[in-house]
Amino acid sequence: MNPSMAPPLSTLSPSTMAVSHFPLSKPFYPKPTSSTSSPSFQCHSSISEQLRPLSLSLLKDTPAHDESANSKPTWLNPTKSKPNIISLVRHRKTKPTSNGNPQSLLLNPTLLQTLVSIPDSDKDLFFSTLTEAFPSPPSDDDVLFLLNSLYRHPKKSILLLEWLKQSSFLLETIFYNLVLKSLRNARQWDQVDRIAREMLHQGPQPDNITFSTVISAAHKCRRFEKAMEWFDMMYSAGVLPDEVTFSAILKVYAILGKKEEALILYERGRAAGWKPDHVAFSVLGKLFGDAGDQDGMLYMRDEMKRLNIVPNVVVYNTLINGFGRAGRPNISKELFEEMCKLGVNPDERTLTAILKIYGKYKRTRDAMDIWARMKENRWPMDQILYNTILTMCADLGMESEAEKIFEEMKQSYKWLPDKWTYSVMIKLYCRRSKSDCAWKLLFEEMPQRGLRPDVTCYTSLIDCLGKEARVDDVVAAFESAMETVPSQIDDKLCCCLLSTMARCKDEMQMNAILACIEKASPMLHSLICMLWNESVGFDEIKESFRELLSKAPINVRRPYCNCLIDLCTFQPGFPSHRPRELFNLGNIYGLYQGFQTQRQSEWSVDLRGLSLGAARAALDDWLESVAETVEEGEGLPPQFRIFTGYGLDRFKSVLPRYLEGYLSETGAPFHKSEEMAGSFVAEKADLLQWLHSQGILSVVVSEIL
DNA sequence: CTAGGGTTAG
């Protein structure tokens, strides 16, 4: 944002200030704050007052009454003149004093039951019951007890408050705060807002507990703008936030991804002498972690070192997670070892985090090390950790270990396998082409245990069965999915159906899958019909394809395109130009970027990760572009290379084998590269001659060479 | 619950 567009100073508040001072695109990490370098503001009660000295130096028409403040030399006592943005002492909880009846009236034990049983709408009965129970005003303790007991009954909390108001009971802030808590629990934002405003206007005076409750209520009700509004209101109400309220608003910034705003507030608090605690650091750590911002997290670490704060387990957890997310497993590992060394015991979440990272980054050795230490140190375990270990085993291809743990869970009385567990095991089996094992878990064990599979279980199984070309079983699995999770059927599952369709052996199979697709996605079904129809042109296909893609999640778009190309490549009945049309569309929509490389010594195309049909289309496309270059009279390198990858397992070797066959079938002069496994090379002259023989290149080759 | 803020899974 342009500084010249900043709002007038009178409207500045902590949240708007942050936006106006720093461009959002620039990461901003303040220098370490020390008491000597902190800006010397005067002590004022509100943000706009704090900013007044600044406004005096920036604006010409200054109100006269401010001049005395400005003329005071600010360096007179720099240690005392800190900006008043945060209260350095936490709000103290005190017992109410006004209704100081030392002996609590003996509560009729059935009173509470009676109150709870009264319908919310029957205000009169609620009031008369209370009046009967308390002929003289209740004591503070009675009211505290009642309010705490009505925590889960928001409507009655309000009724009690109203009754207290009309009796002679002196309502202090604490009683309102308890009502707010009850309303927050029920996520009744409008009521929270109403009661808090009532406090502002009629009293009792809201305090830090009021504001932090209101801010966290706004957070819980996802009314983030209201959270910021109330934070700003604190200052105008003359209540200085303390560290708890500060963390609450920082959390709101974190959820909104407002990095700069959070940092500015943080830095201003630091300048005011605030020593952030573990909660503040975990909030900021999470903020930077979610943003994949390593520098932000490193800055937090430095700050803690500077302040001599040893992170606690929660802070370590957020950082370990964050660095894992930011693609820095080594830093996560360092942090994990550091906390162990410092005697900060890892908990379930720590272990979940680190094992997830080791699984994701294929760090088998590190994972096994943790696994051993878990047993040795009797580190704590929970359901999520159990399932994460299974996921990790799946990621690392440790099938038998996973099976062992799975059995262990079945024997356990504490951590029985749940639907997550089954979903991981099904995925693991499907990845290893063991569809029968997955089938048994999905259709036998899960129902036996009363577990409802979700759509991902079906998707894994359908994908696996499809790769094995077991069309009838795919149809059966799909029909079961339609019965049990019809509303969850998504693009990913459609993609698996599509890829099965590309493998069908005859028309009957094709029609069976097509019928499934029609039920799952009419839009996809109609696109397939258009692709079939010779008379449908490129623009129509493009529009229909665009519609399909724009509705699909990003990670399914490329698979969609791949599968459609495969379908048109390998099944009869589609016009022969369809695969290239779809490939071009994939390029137009940015699905296939960056697999062509041009160096002086060599041009190459990287087909790894493409489906068979898409790889063939990409190869044809590349060869044509080579021919075009020649026709445009531009220079070529001496050598050309195709990367196909090489796979030791059955799955990864499919593409290399297919392309090898395709190349020899067409007589293309590419041969297996000896110096670089997983690639094929051709000499320039051979390639050009072949291109000419295929009619791809019209220029006579001898003339170029 | 005993007035307020923080972290884990396809």
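Numbered from 1 within each chain, the chains take letters A, B, ... in sequence-line order.
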Query raised in the report: Taking N and O atoms by type only, does the side chain of A:Asn177 place a donor or acceptor under 3.5 Å from a partner on the base of B:dG4?
Result: no
Query - base_contact_polar (B:dG6 base, A:Asp277 side chain, donor-acceptor, <3.5 Å) - result: no
Query raised in the report: Contact class for A:Thr213 (heavy atom, under 4.0 Å): base, sugar-phosphate, or nothing?
Result: sugar-phosphate
Query raised in the report: Is A:Ile384 touching bases, backbone alone, or none of the nucleic acid, heavy atoms closer than 4.0 Å?
Result: base
Requested in this report: Under the side-chain contact (heavy atoms from CB on, under 4.5 Å) rule, collect the residues that match up with A:Ile384, sequence neighbours excluded.
Outcome: A:Thr352, A:Asp382, A:Thr388
**Report entry** Contact list for DNA chain B against residues 180-189 of chain A - heavy-atom distance below 4.0 Å
**Finding:** A:Lys181, A:Arg184
Query raised in the report: Would you say the base of B:dG4 and the side-chain of A:Thr245 have a donor-acceptor pair closer than 3.5 Å?
Result: yes
Requested in this report: May I ask you to say what A:Lys427 touches in the nucleic acid, namely base, sugar-phosphate or nothing, with a heavy-atom cut-off under 4.0 Å?
Outcome: base
Requested in this report: State whether A:Lys360 places a side-chain N or O below 4.0 Å from either non-bridging phosphate oxygen (OP1 or OP2) of B:dA9.
Outcome: no
Requested in this report: Decide yes or no, distance alone: a donor-acceptor N/O pair under 3.5 angstrom between the base of B:dG4 and the side-chain of A:Asp207.
Outcome: no
Report task. Would you indicate what A:Val313 reaches in the nucleic acid, counting non-hydrogen atoms under 4.0 angstrom: base, sugar-phosphate, or nothing? Result -> nothing
**Report entry** salt bridge (Lys or Arg N to Asp or Glu O under 4.0 Å) contacts touching residues 309-323 of chain A (sequence neighbours left out)
**Finding:** none
Query raised in the report: Which residues satisfy the side-chain contact (heavy atoms from CB on, under 4.5 Å) test with A:Thr173, sequence neighbours excluded?
Result: A:Asn177, A:Met199, A:Pro204, A:Asp207, A:Thr210
Query raised in the report: Where along residues 337-352 of chain A does a heavy atom come under 4.0 Å from DNA chain B, residue by residue in number order?
Result: A:Arg349, A:Thr352
Query - side-chain contact (heavy atoms from CB on, under 4.5 Å) involving A:Arg325 - partner list, sequence neighbours excluded - result: A:Asp290, A:Asn321
Query raised in the report: Does any N or O donor sit under 3.5 Å from an N or O acceptor when you compare the side chain of A:Ser212 with the base of B:dG4?
Result: yes
Query raised in the report: How about A:Ser182 and A:Asn185: does a side-chain donor come under 3.5 Å of a side-chain acceptor?
Result: no
Report task. Just jot down the salt bridge (Lys or Arg N to Asp or Glu O under 4.0 Å) partners of A:Lys492, sequence neighbours excluded, or say none. Result -> none
Query raised in the report: Hey, does A:Arg152 reach any base, or is it just sugar-phosphate, or nothing, if we go heavy atoms under 4.0 Å?
Result: nothing
Query raised in the report: For A:Ser216, which residues count as a side-chain contact (heavy atoms from CB on, under 4.5 Å) partner, sequence neighbours excluded?
Result: A:Arg184
Query - Nearest-Å distance once atom P is located in both B:dT2 and B:dG6 - result: 14 Å
Query - Non-neighbouring partners of A:Arg328 that pass salt bridge (Lys or Arg N to Asp or Glu O under 4.0 Å), sequence neighbours left out - result: none
